[in-house]
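Working notes, beginning with the structure itself.
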Amino acid sequence: PIEPPSPQEHGLDFQRLLDASAYKEMFRQDMIRWGEEKRHMDPGFFCRAAVEGALQPVWVVSDTRRLSDVEWFRDAYGDVVQTVRVVATEETRKRRNWVFVTGVDDAESECGLDQGVAFDWVITNDGDKAALGKQLEMLVQSLHSNL
């Protein structure tokens with residue numbers, strides 16, 4: 001079996017791998033490659049890990065990146081699944097220090113859900129806190145009404 005690259009084993013700072021720093025970018029392609037190999041062997045591996053032991057009536061599973069992930073949740077939980085896409089303009093993303101990297105930002109891990117998914121909700125996060133708050137409030141109210 002393929003084991004994840006251990007931060008300690010490689011002398012890496014685990015907390016810095018979680019942020020959006022240049023430090024993380026140095027190891028990002030290796031992390032993506034490991035994830036792809038794991039998914040190839042078992043497409044539901046990460047989805048099952050995300051819900052293991054979860055007992056809450058509402059879960060937020062963030063950062064799904066592939067159509068196979070969305071399909072797994074829909075197959076496992078049916079109509080109760082609500083898909084939410086958070087979008088921001090390229091200009092906003094650049095203001096947040098995002099820089100396009102060929103071979104990374106055009107890979108399935110980054111754009112696998114750009115097509116083929118009819119999202120239940122699309123939330124715009126371009127820096128307008130009031131607008132973001134209104135959108136999130138509508139989403140939360142909808143979730144509460146379906147409990």
Side-chain angles (χ1 to χ4, degrees), residues 1-7 12-25 27-101 104-147:
I2 300 169
E3 292 301 319
S6 162
L12 304 178
D13 181 333
F14 180 70
Q15 288 303 315
R16 290 184 68 196
L17 290 174
L18 297 177
D19 63 25
S21 67
Y23 182 86
K24 173 184 167 183
E25 292 303 313
F27 305 102
R28 188 171 173 200
Q29 286 184 317
D30 289 338
M31 292 187 297
I32 290 169
R33 188 173 19 263
W34 174 80
E36 293 302 322
E37 290 171 2
K38 202 67 164 166
R39 274 183 190 82
H40 178 71
M41 292 185 333
D42 177 3
F45 175 81
F46 293 106
C47 297
R48 279 192 309 282
V51 301
E52 186 177 328
L55 301 174
Q56 298 80 5
V58 175
W59 311 335
V60 175
V61 180
S62 64
D63 219 15
T64 50
R65 294 171 175 243
R66 290 165 181 78
L67 183 56
S68 62
D69 294 339
V70 173
E71 289 170 344
W72 187 91
F73 279 101
R74 286 186 173 152
D75 288 346
Y77 299 103
D79 292 340
V80 299
V81 172
Q82 293 284 298
T83 54
V84 180
R85 181 177 181 99
V86 179
V87 298
T89 64
E90 191 168 321
E91 178 182 301
T92 297
R93 296 172 74 200
K94 286 179 180 178
R95 277 197 317 268
R96 294 173 178 158
N97 298 319
W98 172 76
V99 176
F100 182 87
V101 176
V104 173
D105 291 306
D106 52 359
E108 183 183 14
S109 64
E110 300 302 314
C111 56
L113 295 176
D114 288 351
Q115 298 173 5
V117 178
F119 287 92
D120 299 300
W121 298 86
V122 177
I123 306 292
T124 302
N125 183 11
D126 277 326
D128 182 337
K129 289 181 182 181
L132 178 60
K134 276 185 173 180
Q135 295 171 85
L136 293 175
E137 183 59 34
M138 288 173 44
L139 173 59
V140 169
Q141 284 178 10
S142 175
L143 293 174
H144 279 280
S145 71
N146 289 316
L147 288 178

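Worth knowing before you read on, the calculation uses all heavy atoms, side chains too, and leaves out hydrogens, waters and symmetry mates.
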Response to the item:
What one should report as the nearest heavy-atom pair of L67 and G116 is CD1-O, 3.7 Å
Practice prompt. Side-chain contact test, heavy atoms from C-beta onward, threshold under 4.5 Å: evaluate it for T83 versus F73 and give yes or no.
Written response: no
Fill in: Any F119 side-chain heavy atom under 4.5 Å of V70 side chain
no
Worksheet entry | Verdict with reasoning, S145 to S142, per side chain to side chain donor-acceptor pair (under 3.5 Å) | CA-CA 5 Å; S145 71; S142 175; 4.6 Å; no
Worksheet item: Would you say R85 and I123 make side-chain contact, with heavy atoms under 4.5 Å?
Response: no
Worksheet item: Can you find a pair of side-chain heavy atoms, one from L147 and one from H144, that are under 4.5 Å apart?
Response: yes
Worksheet entry | Stepwise side chain to side chain contact (heavy atoms under 4.5 Å, CB included) test for D120 and V84 | CA-CA 6 Å; D120 299 300; V84 180; over 6 Å; no
Worksheet item: Can you list the steps and then say if R48 with E52 is a salt bridge (charged side-chain N to carboxylate O under 4.0 Å, His left out)?
Response: CA-CA 6 Å; R48 279 192 309 282; E52 186 177 328; over 6 Å; no
Worksheet item: Is V81 close to D79 at the side-chain level, that is, under 4.5 Å between some pair of heavy atoms?
Response: no
Worksheet, complete the sentence: Residues C47 and D69: closest non-hydrogen pair is SG-OD1, 3.5 Å
Practice prompt. State, yes or no, whether a side-chain contact exists between N125 and Q135 at a heavy-atom distance under 4.5 Å.
Written response: no
Discussion item. Return the OG1 to NZ distance between T92 and K94, rounded to the nearest 0.5 Å.
Written reply: 11.5 Å
Item to complete: State plainly whether the residues R65 and E108 are in salt-bridge range, i.e. N to O under 4.0 Å.
Response: no
Worksheet item: Can you tell me if CD on Q141 sees more than 12 non-hydrogen neighbours from other groups inside 6.0 Å?
Response: yes
Discussion item. I want to check something: taking the side chain as every heavy atom from C-beta on, are W98 and E90 in contact at a cut-off of under 4.5 Å?
Written reply: yes
Response to the item:
Of all heavy-atom pairs linking R96 and D126, the shortest is NH2-C, 3.8 Å
Worksheet item: Can you tell me how far NZ of K134 sits from CG of D128, rounded to the nearest 0.5 angstrom?
Response: 9.0 Å
Item to complete: Flag the pair V80 / N146 as yes when at least one side-chain heavy-atom distance between them is below 4.5 Å, and no otherwise.
Response: no
Fill in: Euclidean distance, D105 CG relative to C111 SG, rounded to 0.5 Å
8.5 Å
Discussion item. Is it the case that the ring center of F46 lies less than 6.0 angstrom away from the ring center of W72?
Written reply: no
